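Here the structure is laid out as structure tokens; the discussion comes afterwards.
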Amino acid sequence: QAQLTESGGGLVQAGGSLRLSCAASGLTFSTYAMGWFRQAPGKEREFVASISRGGLTTYYPDSVKGRCTISRDNAKNTVYLQMNSLNPQGTAVYSCPARVSTSSALQVTSYDSWGQGSQVTVSS
């Protein structure tokens, strides 16, 4: 059974940086595309980033482009999200789902497995 465990969240001041990690087990990691989503209280899940199976293709929405970088290490079964210039709108639980299908990386329903998430709180 696939298991995804996020870590690296915490409290950071506006303008600061955080690096989230997501360790995968119970799946052949290199055969899954990966994503990062976030969910703020009372809001729907929001797409943050995606990365292809080999790590060569990444995609970001305009809301985070230039401030977030997704990367992966298939040898360590881990995906990362580097977040810079954080603002209070970035306060949310961040999750790293895995996707085996070729469906849209932006859609929550395209993903097969989800972790519990890591809380990121950005203070103003």
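Bear in mind the structure is a predicted one, so any value in this text is a computation, not a measurement. FYI, the numbering just counts along the sequence from 1.
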Do the non-hydrogen side-chain atoms of [X] and [Y] ever get within less than 4.5 Å of each other?
X	Y	answer
Glu6	Leu20	no
Ile51	Trp36	no
Val120	Met83	yes

Please confirm whether the backbone N or O of [Y] pairs with a side-chain atom of [X], one donor and one acceptor, at under 3.5 Å?
X	Y	value
Tyr94	Ser7	no
Ser50	Met34	no
Tyr111	Ala33	no
Ser103	Ser110	no
Thr78	Lys76	yes
Ser52	Thr57	yes
Asn74	Phe29	no
Thr28	Ser30	no

Think [X] forms a cation-pi with [Y], using NZ or CZ under 6.0 Å from the six-ring centre and within 45 degrees of its axis?
X	Y	answer
Arg38	Phe47	no
Arg45	Phe37	no
Arg19	Tyr80	yes

Candidate pair Ser123 and Leu11, rule side-chain contact (heavy atoms from CB on, under 4.5 Å), full reasoning: CA-CA 7 Å; Ser123 63; Leu11 175 65; 4.3 Å; yes
For atom CZ of Arg67, decide whether the heavy atoms of other residues, nucleotides or ligands shown that lie under 6.0 angstrom number more than 12. yes
Neighbour count above 12 (heavy atom, 6.0 Å) for Lys43 NZ: no
On a heavy-atom basis, which atom in Ser95 and which in Gly117 lie closest, and how many Å separate them? OG-CA, 3.7 Å
Determine whether Leu18 and Leu86 satisfy the following criterion, side-chain contact (heavy atoms from CB on, under 4.5 Å), listing intermediate values before the conclusion. CA-CA 8 Å; Leu18 276 178; Leu86 284 161; 4.2 Å; yes
Indicate, with yes or no, if Val93 and Val108 share a hydrophobic cluster defined by side-chain heavy-atom contacts under 4.5 Å among Ile, Leu, Val, Met, Phe, Trp and Tyr. no
